[in-house]
Amino acid sequence: MRHLPLSFLFLLAACSAGAPAPCGPVPSAAQMEWQRMEVNMFCHFGPNTFSGLEWGLGTEPEDLFAPTALDCRQWARTAAAAGMKGIIITAKHHDGFCLWPNPESTHTVASSPWRDGRGDVLRELSDACREYGLKFGVYISPWDRFDPDYGSPAYNEKYARTLRSVHDGRYGPVFEQWFDGACGEGPDGRRQEYDWPLFHRTVRELSPGAVMFSDVGPGCRWVGNERGSAGETNWSTLSPDGFEPGLGAPPVDTLQCGNKYGSAWIPAETDVSLRPGWFWRPGEEPKSVDELMRIYLESVGRNSLLLLNVPPDTRGRIPEADSLRLMEWKARIDREFSDNLASGASVGGTKARARRFRGSNLVDGDFDTFWAPADGELTPVLELTLPAEAHFDRLVLQEYIPLGQRVAAFAVDARPSSGEWQEIASGTTIGYKRILSFPPQSAEAIRIRITSSKACPVLSEVALYNSQ
Ligand code: FUL
């Protein structure tokens, strides 16, 4: 029993006690833990930080990498204070330069004068993450403009050994492996037939808990844009067969929305930069708090993880203006989502399938308890009578996704103390988390009508907030 994945044990417990059967693909334990992180930090750092290029050429001399005051603890402190749960670093970007002494390459920190060739950014960052209770993840670009073997089968073997040298445990557990699909070689450039099964096997063997990102998973998928916006309809299921990362990726709207009847659980991750570019450049400014709020609502609020890039500067530190901006943003999220006006509401409507799955589970602040009606109830209605007439302009809904993603359409009504029900919002998918914004309402009750669902809905939480 000890070796069964946690999600399986949950399912076993849930099924045996009359919970709905899982619907379609469901998240693994690692994917479930990953989803609950909600916001992570991306750090683009390397020779481009010093050259100002977005895509380095691979010809940069190693001594270009010369941070004057590298402080990974400051990155971790900033991420933790901003409410982020993990950091993913560009251990190797397209220029091929490795931020750790990769024995497979000469183009690494070991060949640079930084820390007399004894530096290791992954060591410093993974230690800092541990110190601040954050998870540690890596971006290791498959496309490599430096490596002379790129374009031949030998490169696949070398790339797999490169993965090994990061995933072999020396930096502790890795929670996410980023496989970037970009390749700018052009029609006359070198073409590499990637051995994806080999890469996946390597990571899976050494880091069984790592969620693997690419355009098509297998662990999570690119959201299809770099604007910080997931699809309003966003299924965490996708059918990846026949597709590949990069040029062979599914169309952008599929990446944004997923596939309702997708064959695998491959949730969306929204990557976007705090600054205009992925790498730090002098004279550029971080995005405004308003823009960051928009991004939060359109990523986390649309059933996606948010991976926000915060690029360190040539000192090797996150600039003061950027960390201040992140703190203002965090304060705004905390303020706008501080007081759940639905907590303590009495919940009526379509009957729960059993007492264990009663309506009060929706307003107990605990994701792991849920409400579910009988199997045949595909369009149930929930009515929440609030403890007092309340003013609100946001609704948060969560599905209990360990049993699959089910809801395909819903509408929300509000009833003021002196009046009739009025529809105030509607939506398509919910997933792990859906945040809806609407004009301010005063109401003593709200009603959630599920109008389409793949199987009986299973909801974890309903919350109301006033953002004003
Ligand atoms: C893209 C890359 O080409 C960019 O440089 C950046 O790393 C971004 C996150 O992914 O595919």
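All ligand and atom numbering here is 1-based and tracks the order in the structure.
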Q: With a cut-off of 4.0 Å, which atoms of ligand 1 are near a heavy atom of His44?
A: 6 (C), 7 (O), 9 (C)

Q: My understanding is that we take every heavy atom of each candidate and find the minimum distance to atom 3 (O) of ligand 1. Doing that for Glu54, His93, His94, which one comes out nearest?
A: His94

Q: Show me which atoms of ligand 1 lie under 4.0 Å from any heavy atom of Phe42.
A: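 Listed by number with element, the hits are 9 (C).
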
Q: Tell me the contacting part of Asn309 for ligand 1: side chain, backbone, both, or neither, using a 4.0 Å heavy-atom threshold, strictly below.
A: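 Neither; no heavy atom under 4.0 Å.
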
Q: For the pair Tyr155 and Tyr150, name the ring-plane relationship: parallel under 30°, tilted 30 to 60°, perpendicular over 60°.
A: perpendicular

Q: Can you say whether the rings of His107 and Phe146 are parallel (under 30°), tilted (30 to 60°) or perpendicular (over 60°)?
A: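 Judged by the thresholds at 30° and 60°, the geometry between His107 and Phe146 is parallel.
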
Q: Would you say the ring centroid of Tyr159 lies under 6.0 angstrom from that of Phe199?
A: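 Yes: the rings meet the under 6.0 Å criterion.
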
Q: Considering the heavy atoms of Ala182, write down every atom of ligand 1 situated less than 4.0 Å from one of them.
A: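 Listed by number with element, the hits are 3 (O), 11 (O).
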
Q: Could you check whether Tyr400 and Phe367 have their ring centres less than 6.0 Å apart?
A: yes

Q: Ala80 and Tyr132: which non-hydrogen atoms are nearest, and at how many Å?
A: CB-O, 4.2 Å

Q: Under 6.0 Å between the ring centres of Tyr171 and Trp100?
A: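 Distance test on ring centres: not under 6.0 Å, no.
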
Q: Counting only nitrogen or oxygen atoms and a 3.5 angstrom limit, does Trp278 reach ligand 1?
A: no

Q: Under a 4.0 angstrom heavy-atom cut-off, which atoms of ligand 1 come close to Trp55?
A: 2 (C), 3 (O), 4 (C), 5 (O)

Q: Pull out every atom of ligand 1 sitting under 4.0 Å from any heavy atom of Asp271, numbered as shown with elements.
A: 9 (C)

Q: I want to know whether Phe42 and Trp178 have ring centres closer than 6.0 Å.
A: yes

Q: In the protein, which heavy atom is nearest to atom 10 (O) of ligand 1, and how far is it?
A: Asp180 OD2, 2.7 Å

